[in-house]
Amino acid sequence: MDIAAVNALPYEDFVNIFGNVVEKCPVITAAVWTGRPFASLSALEAAINEFIDALPESGKEGILRCHPDLAGRDLHSGTLTQESREEQARAGMDALNTEEASRMARLNDEYKKRFGFPFVVCARMSDKANILRQLSQRCQNERAVERARGIDEVKKICRLRLQGLVLTDAPNKL
Ligand code: GUN
């Protein structure tokens, strides 16, 4: 789909297709629809990022809370969104050994206890060793630093999800 096709979508189709570019936050997609027509995929991405940036801190934390734990309960019970399942699988989250799985669970819990929202990282830009290292390091941060860092990761996840749905702006990419 190119950006002209995106701009021609009725609201319902737009939300059906793009509703999960920010995990379980279709309200963001619903809000940016008003900003059509988008000049490019980057313009659509910018509209989403601007909406997120304009939220109060509680709203940003709400976005983080919509994310499932990596290698968490939803993965084991098969209730992840398709996007999250693919991203987690690609980062090896569905193939942790017993030791890695228990370390991951312990650190995820420690992180959530400390900050009140889950650890979010762009899994597709990482692998299991790196994710475990980042999780352990980021547990040491201040809450405001982690809130901002988590939102940066949400934006990276969003960018990759958008790129999977819309032809990128580069003219040589078909
Ligand atoms: N990174 C990519 N997808 C996800 C997700 O669904 N949850 C978390 N915590 N991180 C992610």
Side-chain angles (χ1 to χ4, degrees), residues 15-32 41-42 44-46 48-49 51-53 55 57-166 168:
V15 173
N16 278 337
I17 294 169
F18 295 101
N20 207 48
V21 292
V22 178
E23 182 77 13
K24 293 188 183 158
C25 292
V27 68
I28 300 178
T29 310
V32 302
L41 176 61
S42 309
L44 171 56
E45 183 190 356
I48 292 170
N49 289 346
F51 182 90
I52 294 173
D53 289 339
L55 290 171
E57 301 309 326
S58 60
K60 291 177 185 154
E61 290 189 5
I63 291 178
L64 297 175
R65 282 190 203 104
C66 287
H67 288 71
D69 282 348
L70 288 172
R73 197 178 43 205
D74 285 322
L75 187 147
H76 300 297
S77 59
T79 50
L80 287 172
T81 61
Q82 184 190 332
E83 293 89 342
S84 183
R85 177 162 33 89
E86 288 172 5
E87 290 159 2
Q88 296 206 35
R90 206 190 278 213
M93 292 293 102
D94 59 350
L96 299 179
N97 63 36
T98 316
E99 195 188 319
E100 290 163 341
S102 64
R103 182 144 188 263
M104 192 78 179
R106 185 176 53 76
L107 287 169
N108 269 334
D109 283 348
E110 185 183 325
Y111 185 99
K112 272 189 292 190
K113 216 165 168 185
R114 180 167 162 92
F115 301 116
F117 47 81
F119 170 73
V120 177
V121 68
C122 182
R124 268 169 70 178
M125 293 168 82
S126 204
D127 57 32
K128 66 180 176 183
N130 191 25
I131 286 173
L132 273 164
R133 198 176 323 117
Q134 284 192 58
L135 175 51
S136 165
Q137 286 169 354
R138 284 175 51 187
C139 276
Q140 310 304 316
N141 282 341
E142 292 300 319
R143 183 187 170 95
V145 171
E146 247 339 274
R147 191 197 295 124
R149 178 63 196 274
I151 289 296
D152 280 347
E153 298 294 318
V154 167
K155 291 176 181 173
K156 289 183 205 166
I157 296 168
C158 175
R159 167 179 286 187
L160 294 179
R161 289 183 182 182
L162 281 172
Q163 286 176 353
L165 292 166
V166 184
T168 50

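Values below: all heavy atoms of this structure, side chains included; hydrogens, waters and symmetry mates excluded. All values derive from a computational prediction rather than experimental measurement. Atoms within each ligand, like the ligands themselves, are counted from 1 in listed order.
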Examine P68 against ligand 1 and note whether any of their N/O atoms are separated by less than 3.5 Å. yes

Could you tell me, atom by atom, which parts of ligand 1 come under 4.0 Å of a heavy atom of L70? 8 (C), 9 (N), 10 (N), 11 (C)

Heavy-atom closest contact (M93 atom, I131 atom, distance): CE-CD1, 3.8 Å

I'd like to check whether S84 has a polar contact with ligand 1, where a contact means an N/O of the residue lying under 3.5 Å from an N/O of the ligand. yes

For Q163 and T168, work out which heavy atoms get closest and say how close. CG-CG2, 3.8 Å

Element-labelled atoms of ligand 1 that are located less than 4.0 Å from some non-hydrogen atom of A123: 1 (N), 2 (C)

Heteroatom distance test (H67, ligand 1): nitrogen or oxygen, under 3.5 angstrom: no

Nearest non-hydrogen protein atom, atom 3 (N) of ligand 1: E87 OE1, 2.8 Å

What heavy-atom pair brings Q88 and D69 nearest, and what distance separates the two atoms? NE2-O, 3.5 Å

Name the option, out of V120, V121, N108, that contains the heavy atom nearest to atom 11 (C) of ligand 1. V121

Under the salt bridge (charged side-chain N to carboxylate O under 4.0 Å, His left out) criterion, do R149 and E153 qualify, and how do the steps go? CA-CA 6 Å; R149 178 63 196 274; E153 298 294 318; 3.1 Å; yes

Which heavy atom of L75 sits nearest a heavy atom of A71, and at what distance? CD1-CA, 4.1 Å

Is R143 reaching over with its side chain to a backbone N or O of F115, donor-acceptor style, under 3.5 angstrom? yes

